[in-house]
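Comments concern the structure below.
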Amino acid sequence: MDTPSGSEARRVSSVTAVGLANEDDAAVLAKLGYKQELRRNFTMIEIFGIAFSIMGLLPSIASTLAYSIPAGPVGMVWGWFLASGLIFIVGLAMADLGSAMPTSGGLYWWTHFFSSPKTRNPLCFLVGYSNTLGLLGGLCSVDYGFALMFLSVIVIARDGNWTPSNGVIYATFLACVLCHGVLASVLSKIMGKLQTVFVVMNFLLIAATVIALPIGARHRRNDGEYIFATTDNLTTWPTGWAFMLSWLSPIWTIGSFDSCVHMSEEAANATKAVPFGILMSIGSCWFFGFIIVVVLAATINPDLESVTGSKFGQPMAQIYFDAVGKHGTMGLMTLLFVVQFLMGLSIIVAASRQTWAFSRDGALPFSSFFRPISQRFGYIPLRAVWGCVLFTAVLGLLSLIAEAAAQALFSLAVAGNNLAWGIPIFARLVWGEKKFKPGPFYTGDRFSRPIAWTAIVFLVFGIVLSMFPVGGPNPTPDVMNYTVVINCAVWLGALAYYFIDARKWFTGPKITLNAEELTQEQEIAIHEQGLKIPGVTEDKQIGGFDTNSGSGSNSDDAKIA
């Protein structure tokens with residue numbers, strides 16, 4: 001639909017956004033069919049901050065070393081560099097869309113807008129569920145990683161003479177999830193400001209690590225040839241494929257930049273803040289992550305099996321221990337799990353916004369319950385926050401089954417989000433290129449399509465990669481990668497739900513604006529876009545524009561009921 005113009009567009013913005021947003025931001029959201037309901041209290045830097053905080057660079061690298069160490073230093077260092085560069089290309093493709101159409105449910109909204117009439121509803125439904133469950137899988141894996149790091153400090157304190165049971169791990173995980181729910185509820189008014197604190201904490205941890213490790217390991221540091229040119233293979237896969245599996249570490253770590261999209265309805269100047277947050281968070285992780293993995297490769301014990309099989313239960317804990325001893329390790333691991341905890345707090349905020357947006361459009365079970373906004377707690381989707389807490393607590397029960405099932409939580413976030421990122425980019429290229437109207441950020445007519453196709457190929461590869469057993473072919477049930485089971489259940493379940501029942505009532509994103517809130521220009525634009533809005537009927541004459549004549553309408557455009 002066309003952008004509202006002039007004083008009337010600003011008038012309707014004022015009606016829908018008193019005390020919540022400036023007129024320009026509300027007008028951009030109105031163009032997408034939504035009224036302003038969340039308070040825009042996140043600046044451009046804070047939008048970057050929430051994505052960077054969720055990525056939690058060093059804790060995420062620590063949580064995924066089991067993927068990169070088996071390929072040796074080359075896998076750790078060059079696997080990070082190459083995969084991060086390709087992730088940046090995905091970020092460019094998403095930044096194009098995020099700048100043009102910033103809304104909390106952006107991924108499934110874009111899918112519906114760009115897809116063909118026959119595919120838009122099922123694909124929109126699939127993307128919404130995949131993205132929602134991918135974010136919840138990310139929250140689950142972050143908090144599970146926190147539990148392991150927290151308990152590893154206790155194991156170190158006891159000199160490795162204690163091993164936490166699955167029940168203890170789950171209890172720690174559950175306590176973490178509940179704390180996140182409480183904090184996300186009561187700190188909403190300062191959550192934007194807290195992101196700056198979280199970013200500072202991340203950089204303090206990075207600085208402490210890259211300074212302490214080389215000093216502590218000064219008498220046994222590995223040389224440049226070992227760091228940049230030595231391969232290894234602790235798997236039974238061919239060495240080349242072991243190197244590719246090392247990409248799972250950066251793919252999982254730099255995997256929450258879409259949080260900038262989900263926070264877009266709380267961002268001031270969203271058309272610029274969203275692409276800035278996406279690209280700055282990916283670029284920062286690419287650069288600083290490369291420094292971190294080089295330092296780790298320089299200080300790691302060349303006997304890699306002793307690191308992956310550490311009695312502390314965490315390869316990072318063993319790397320710290322070998323360099324700085326028991327007390328230094330306890331200090332650094334404590335800082336590590338604190339930053340990991342802050343990651344979980346940021347991701348529950350982003351996940352709850354996606355969950356709320358999908359409920360706003362009536363797609364989730366109990367949508368009417370999760371839909372309301374709590375003004376008392378600062379214009380946040382409070383019920384969606386606690387819905388995420390409950391679902392994550394249930395999903396975390398996988399940790400009671402086996403370690404392999406718990407590890408599937410990591411890959412659930414990768415595969416679920418990769419599908420959700422790739423489909424709207426694909427839909428734009430195949431069906432909706434003529435509909436696309438660039439925002440303030442745009443990679444240009446010359447580069448936009450090649451960038452988008454490269455992003456799609458990489459995302460498909462990432463999905464396949466995340467489903468391979470890490471240790472090698474012919475896995476036993478104990479080391480099986482259950483991602484293929486979990487994600488296929490999610491995707492097939494979502495499609496089955498749609499075709500069996502939801503197709504009868506799900507028609508895509510809903511208009512939340514009221515007829516009396518629209519300007520004349522907006523009514524005409526809505527009709528031309530093919531959107532349906534309560535109070536604007538097909539037989540209504542809009543400023544001399546005959547809506548029955550079909551003039552300006554396009555049956556292939558999105559119909560949002």
Side-chain angles (χ1 to χ4, degrees), residues 28 42-57 60 80-104 106-107 110 131 135 138 192 195-196 198-199 202-203 206 247 250-292 343 346-347 350 353 417-418 420-422 424-425 428-429 436-459 462:
V28 170
F42 281 75
T43 66
M44 185 180 295
I45 294 297
E46 290 163 356
I47 289 296
F48 152 74
I50 196 165
F52 189 76
S53 298
I54 292 173
M55 292 174 186
L57 186 54
S60 294
W80 180 275
F81 186 84
L82 294 174
S84 297
L86 290 166
I87 294 167
F88 191 82
I89 292 175
V90 177
L92 286 170
M94 190 173 292
D96 277 346
L97 297 176
S99 180
M101 295 167 285
T103 177
S104 294
L107 300 177
W110 303 334
N131 189 214
L135 283 166
Q195 300 311 311
T196 303
F198 296 172
V199 170
N202 270 275
F203 280 114
I206 292 170
W247 289 25
I251 287 174
W252 186 83
T253 299
I254 316 177
S256 296
F257 50 86
D258 64 317
S259 58
C260 299
V261 177
H262 303 311
M263 298 303 298
S264 59
E265 292 182 38
E266 296 173 73
N269 197 10
T271 56
K272 295 181 180 179
V274 171
F276 175 84
I278 290 172
L279 298 179
M280 277 296 295
S281 58
I282 298 174
S284 298
C285 285
W286 185 6
F287 177 75
F288 290 105
F290 186 70
I291 294 174
I292 291 169
M343 286 173 60
S346 294
I347 198 172
R353 273 44 171 188
N417 283 328
N418 275 22
W421 300 338
I425 299 172
R428 175 207 152 184
L429 292 171
F436 178 67
K437 295 181 180 180
F441 175 89
Y442 182 44
T443 52
D445 293 336
R446 182 178 180 182
F447 297 106
S448 181
R449 289 180 64 83
I451 285 172
W453 280 117
T454 303
I456 290 169
V457 171
F458 175 69
L459 290 172

Can you tell me if Glu46 and Thr196 form a side-chain donor-acceptor pair at under 3.5 Å? no
Between atom CE of Met101 and atom CZ of Phe436, what is the distance when rounded to the nearest 0.5 Å? 6.0 Å
Are Val90 and Ile282 packed together at the side-chain level, in the sense that at least one heavy-atom pair is separated by less than 4.5 angstrom? no
When rounded to the nearest 0.5 angstrom, what distance separates NE2 in His262 from CD1 in Ile50? 10.5 Å
Rounded at 0.5 Å granularity, tell me how far CZ in Phe52 sits from CG in Asn202. 5.0 Å
Is there a donor-acceptor contact under 3.5 Å from the side chain of Thr253 to the main chain of Pro250? no
The criterion is side-chain contact (heavy atoms from CB on, under 4.5 Å); which residues satisfy it with Ser53, sequence neighbours excluded? Gln195, Phe198, Val199, Ser346
Quick one: closest heavy-atom pair of Ser104 and Ser264, and the distance? N-OG, 3.5 Å
Determine whether the aromatic ring centres of Trp421 and Phe257 lie less than 6.0 Å apart. yes
Would you say that Ile89 contacts Phe458 through its side chain, given a criterion of any heavy-atom pair below 4.5 Å between the two side chains? no
Check: Ile278 main-chain N/O paired with Ser281 side-chain donor or acceptor under 3.5 Å: yes
Heavy-atom closest pair (Ile451 atom, Ala93 atom, distance to 0.1 Å) is CG2-N, 3.9 Å
Identify the residue among Asn418, Ile251, Thr454, Leu86 that makes a side-chain contact (heavy atoms from CB on, under 4.5 Å) with Leu459. Asn418
If you look at every heavy atom in Ile347 and Gly138, which pair is closest and at what distance? CD1-C, 3.7 Å
Measure the spacing between CD1 of Ile254 and CH2 of Trp286 and express it to the nearest 0.5 Å. 9.0 Å
Looking only at heavy atoms, what is the nearest atom pair of Cys260 and Val274, with distance? O-CG2, 3.6 Å
Close side-chain approach of Phe276 to Ile45, heavy-atom, < 4.5 Å: yes
What's the separation between atom CE in Met94 and atom OG in Ser99, rounded to the nearest 0.5 Å? 13.5 Å
Quick check: Phe288 with Phe203 (ring centres under 6.0 Å apart)? yes
Residues in side-chain hydrogen bond (donor to acceptor under 3.5 Å, both in side chains) contact with Ser448, at least two apart in sequence or another chain: Asp96, Arg428
Any donor-acceptor pair under 3.5 Å from Ser60 side chain to Met55 backbone: yes
Strictly under 6.0 Å, is that where the ring centroids of Phe287 and Phe88 end up? no
For Ile456 and Gly422, the nearest pair of non-hydrogen atoms, with its separation, is CG1-O, 4.2 Å
The reported gap from CE in Met263 to CD1 in Ile54 (rounded to nearest 0.5 angstrom) is 8.5 Å
Which atom pair, heavy atoms only, marks the closest approach of Leu429 to Arg449? O-NH1, 3.5 Å
For Trp80, side-chain hydrogen bond (donor to acceptor under 3.5 Å, both in side chains) partners two or more places apart: Ser84
Could you tell me if the side chain of Ile425 sits less than 4.5 Å from the side chain of Trp110, heavy atoms only? no
